[in-house]
Peer 1: 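Shown below is the structure under consideration.
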Amino acid sequence: MRKSTAPIKVGVLFSQSGATSTIETSQLQATLLAFQEINEAGGIHGREVIAVHYDPASSPGTYKILAEKLIVEDGVRTILGCYMSSTRKAVLPVVQRWNAMLMYPTLYEGFEFSDNVIYTGAAPNQNSVQLAQYMMSNFGARAYLVGSDYIYPYESNRIMGDMLLEHHGKRVAERYVKLDADALDFREVVADIKRQQPDFIFSTVVGRATGHFYRAYAEAGLDPRKMPIASLTTSEAEVAEMGAEVACGHITAATYFQSIATEANQQAVAKYRRRFGADAVTNMCWEAAYFQAHMLAEALRSVGTDSIQQLLPAILGMEFHAPQGLVKIDGANHHTYLTPRIGRVDASGQFEILQAAARPVKPDPYLVDHSIKDWSSQVTVASVG
Ligand code: ACM
């Protein structure tokens, strides 16, 4: 039998419209950059990898319809995609029903497992625990929680609330705003923050609303050096959208920042900018989208087929030198070993890295043995990159 030379189609679902289109566009572009690199290096034994991409418009219902279309009409077996947990939850039953595979490159709330999903963004033991420890050590344990109105913020706030309680802290308030909240919606929230004077604010606001929140905070005259906003989702993409002057001084925990000073990262950033423009910024979700596409290609090369039965054993346990450093897919829980970091936005809109773990941290999506002390023993202080 002659070897196939037909292209391998991979489904790609990231939004170019709707509330989270800025960050999702960066994930789309990271995927396309990785595919370009894979094809320039000879593809999968000479077969080109092509993206079949649709715009799900940041809508869980549209994600579900398009995932089904990709599998049933386009014949793809693997989908790279989703930012909001609500959209992943919509795609999950579809990939399970058709025994296809989803690779999900976004930090999320954890407490999930599927045989049909590989999770390449941070689990809560790789960002929430570190952020709680940093904020409580440096600012205090009275936190004001503000989130967008959907599952990730509820669950992430539950985890943060538990950690505050464990350390005799306090959830000063827990507020939710609609996904497309605007400046007016945040004015009242910020006025309440000013009245309550928490030690810090934990934001699980996502997408375009993020900028409205940080701007309302700045306009109220609050000071990030005294009472910063801490987040897991405010990345270089949201900072670029809102402007560095509004974001400067606020804090994010992430497993990747564009400012990581390694040769490998600088080269990845330079390649991205050559293709997508000198102003393009990378971020944690960009990086996971980039390395997961390369890991998929490596698995396709080693097994020569995109059926999940063969692909999964090749992906589980796989290691890859990503822009953040070495990453590895955990063979048991399908999540990824990643290197937690804490960053503070500087005047140029980049993150100054304040702390980084000394080595990749095993994913523990169910927070079985999380402990804030674990992280403190693993960090190295200041500019590790
Ligand atoms: C998220 O919804 N996982 C950011």
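All ligand and atom numbering here is 1-based and tracks the order in the structure. What you see below is based on every heavy atom in this structure, not just the backbone, and it leaves out hydrogens, waters and symmetry mates.
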Peer 1: Starting from atom 2 (O) of ligand 1, which protein heavy atom do you reach first, and at what distance in Å?
Peer 2: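 The protein heavy atom lying closest is Y150 OH, 2.6 Å.
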Peer 1: Answer yes or no: does an N/O atom from Y108 fall short of 3.5 Å to an N/O atom of ligand 1?
Peer 2: no
Peer 1: Compile the donor-acceptor pairs under 3.5 Å between side chains in residues 144-151 and protein atoms, sequence neighbours left out, one pair per line.
Peer 2:
unit_1: Y144; atom_1: OH; unit_2: R175; atom_2: NH1; d: 3.1
unit_1: Y144; atom_1: OH; unit_2: D192; atom_2: OD2; d: 2.5
unit_1: S148; atom_1: OG; unit_2: V206; atom_2: N; d: 3.0
unit_1: D149; atom_1: OD1; unit_2: Y154; atom_2: OH; d: 2.2

Peer 1: Closer than 4.0 Å to some heavy atom of Y104 - which atoms of ligand 1 meet that?
Peer 2: 3 (N)
Peer 1: Classify the ring geometry between Y104 and Y108 as parallel (under 30°), tilted (30 to 60°) or perpendicular (over 60°).
Peer 2: perpendicular
Peer 1: Test your reading of the structure: does Y152 have an N or O sitting under 3.5 Å from an N or O of ligand 1?
Peer 2: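 It does not: no N or O of Y152 is found under 3.5 Å from an N or O of ligand 1.
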Peer 1: Can the positive tip of R225 be found less than 6.0 Å from the middle of the six-membered ring of F139, inside 45° of the ring normal?
Peer 2: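 No; the conditions do not both hold, so R225 does not lie above the ring face of F139.
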Peer 1: Mind checking whether Y214 and H250 have parallel, tilted or perpendicular rings, split at 30° and 60°?
Peer 2: perpendicular
Peer 1: Under the ring-ring contact (aromatic ring centres under 6.0 Å, His included) test, which residues partner F351, sequence neighbours left out?
Peer 2: F257
Peer 1: N/O to N/O below 3.5 Å, does that happen between L107 and ligand 1?
Peer 2: yes
Peer 1: So if I count the atoms of ligand 1 from 1 in the order they appear, which ones are less than 4.0 Å from some heavy atom of S85?
Peer 2: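 Result: 1 (C), 2 (O), 3 (N).
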